[in-house]
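Note sheet for the following structure.
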Amino acid sequence: MLDAVLHTGSEHPDLLWILVPSFLSFVAGLSVRTYADRLRRWAQPDGDTAAD
């Protein structure tokens, strides 16, 4: 039973094919969020705080 709790999946034969796309999609999500924040700041007038 303890083996099942401690199993991390590190012996999975396709671990690289799981980790790399997961990391890349995480980084893509961060970059999309950053780009959207920049666009939002650019489109927002200087004195407008309603969108915050």
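These numbers come from the heavy atoms of this one structure, side chains and all, not from hydrogens, waters or symmetry mates. Computed from a predicted model, the values in this text were never measured in an experiment. All residue numbers refer to positions in the sequence shown, counting from 1.
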Enumerate the salt bridge (charged side-chain N to carboxylate O under 4.0 Å, His left out) contacts for residues 16-25, please, sequence neighbours excluded, ordered by first and then second residue. none

Quick one: side-chain contact (heavy atoms from CB on, under 4.5 Å) partners of V20, sequence neighbours excluded? L16, L24

Residues in salt bridge (charged side-chain N to carboxylate O under 4.0 Å, His left out) contact with D14, at least two apart in sequence or another chain: none

How would you list all residue pairs meeting side chain to side chain donor-acceptor pair (under 3.5 Å) that involve residues 23-34, not counting sequence neighbours? R33-D37

Contacts of type salt bridge (charged side-chain N to carboxylate O under 4.0 Å, His left out), residue R38, not counting sequence neighbours: none

